[in-house]
Amino acid sequence: MAEVDLAAILHNAREIRRRLGPRVALMGVVKANAYGHGAVAVARLLKEAGIEWLGVATAEEGAELREAGVTGPILVLGPSNREEMHLALTQSLDLTLVDEMGWHHLLEVCQNLSRPARVHLKVDTGMGRVGVAPDSVVSEWAPRLSAGVVRWQGLMSHLAESDAEDSSFTRHQLGTFLDVIEGLRQAKQALPPELHLANSAAALKYPGTHFTLVRVGIGLYGTEPWAPAFGLRPAMRLISRVTMVKRVKSGQSIGYGRTYVASRPTVIATVAVGYADGFPRSASNVGWMLLRGRRCPVVGRVSMDQTTIAVPDDVPVQPGDAVTLMGREGGEEIGARDWAAWSNTISYEVLTRIGPRVPRRYLGAGTPGPVD
Ligand SMILES: *Cc1c(COP(=O)(O)O)cnc(C)c1O
C-alpha cells in the first residue's frame, strides 16, 4: 500500500512558493499520475490550496482531471497529434506547440471546432528534443500566433541541466530564452501573458529563470537527493506485509535462479511485493526493507509478486507484520533515492513505476490554507 502524505505535498508547495516573487505563479506538474501519487487527489489538493496552474503530459491526462471536476488552467506539456488536440480543445486544456506540423493540425482543429486554442509556443534553447528554433520566433511564429486564430498564451522552454552542480548550460539556455524575449520587444511584437522556463531544480536554485510561472513536479514530491537542502519532504510511504516466515538451514537456496544460498541458519520472511508493484528487480540481493525499525536485506531474486528478506535473529517476526519498503521507521529511513541507487536510476523513475495495483491511501492535509 502507498500512503500519500498530502500535508507533505502542501508543505513542499509552500517551501517552493516562499522562494518565488509575489507575481510568479506556480504550476503543479501532475503528469504520470502525479509521479505515482495519484493525479486526481494531488490536483484537487493543489487547486484547493490556490496553486494557479496544473501541468500534464498528454491531453488524455488532462481530460481525466476535467472529468474529476478539476477546473482552472491545465497545460499539456508534451506535443499533441490531431486527435489529442481535439480532445484538449473540448476539455479546455492549453496546448504546447512545438513545430510546423503541429501548427497545421492546430489550425484544422480550431476550424473544425470553431474555437481558438490556448497555445504555449515551446522554443528549443538547448534540450534538443522538441521546440522551434529560437531565431524563428520573431520572424515566423509571433506573427502567426498574434493573428487571432489561436490565443497565444505562453512562450516556454525546458532546461536540460538545472539540477547539475555546473550552472553554465543553464545560464546559456536562460540567455537564449532572454534573447528571444528581447527580440520580440525590439520587433514590437506583443508578448504572451505567460513566460516560463523553470522546472523544480531551477525554481529553487535560479530566481532568474522564474519569469511569470514555474513548472514544479518532483519538488512537490520531495524525493530527489537535493530536496532536503531546500526543506522538502518525501510524500510517499510504501508498506507491505509478511506473508510467511521460516527458518532455513545453511546451504538452502532461495528464489529464482538460486542467487542466494544461506551461509548459516537464517530466518527468511516473504513479503507481498514484487516488481509488478514497482519494487525493482535490481534490488535482488542488494536492497533492504524495514521490519520493526530494523534493516533486513533482500535475499534472492525479487519476483513479480513476492520478495524475500533475511530477518536478524533478535527481531521477532510473524505473518501479517508490517514491512516498510519506502519511508521512515524508528531511526531508519529508506528513500526513493535508495531504490534509485539499487537500480542505477533517479527517483522520478522509481515513483512513476509504482504499479497501478498498489492501493493509494491519502493522509489528509486538514483544511489546506492557501499556499502563498
Ligand atoms: C515534467 C516537466 C516539468 C517538471 O519537472 P520537475 O523536474 O519534475 O520539476 C517541467 N516542465 C516540463 C516541460 C516537463 O515536462
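When a ligand or atom number is given, it counts from 1 through the structure's own listing order. Numbers here are sequence positions counted from 1.
Other residues, nucleotides and ligands place more than 12 heavy atoms under 6.0 Å from the CG atom of D314. For R357, the CZ atom sits in a packed shell: over 12 heavy atoms of surrounding residues, nucleotides or ligands are nearer than 6.0 Å.
On a distance-only criterion, V216 and ligand 1 share no N/O pair closer than 3.5 Å. Between G219 and ligand 1, no N or O atom pair is found at a separation short of 3.5 Å.
Distance from atom 9 (O) of ligand 1 to its nearest protein heavy atom, with residue and atom name: S200 OG, 2.5 Å. Nearest protein heavy-atom contact of atom 15 (O) of ligand 1 is K31 NZ, 2.6 Å. Scanning the protein heavy atoms around atom 12 (C) of ligand 1, the nearest turns out to be H158 CE1, 3.4 Å.
Relative orientation of the H172 and F169 rings is tilted, given thresholds of 30° and 60° on the angle between their planes.
Residue contacts with ligand 1 for R215 involve both N, CA, C or O and side-chain atoms from C-beta outward (heavy atoms, distance under 4.0 Å).
Among Y221, Y35, Y348, the residue whose heavy atom lies closest to atom 4 (C) of ligand 1 is Y35.
A heavy-atom distance below 4.5 Å is found between the side chains of F211 and I181.
Cluster partners of V98, using a side-chain heavy-atom cutoff of under 4.5 Å among ILVMFWY residues and allowing indirect links, are V130. Through direct or indirect side-chain contacts shorter than 4.5 Å among Ile, Leu, Val, Met, Phe, Trp and Tyr, I239 is connected to M1.
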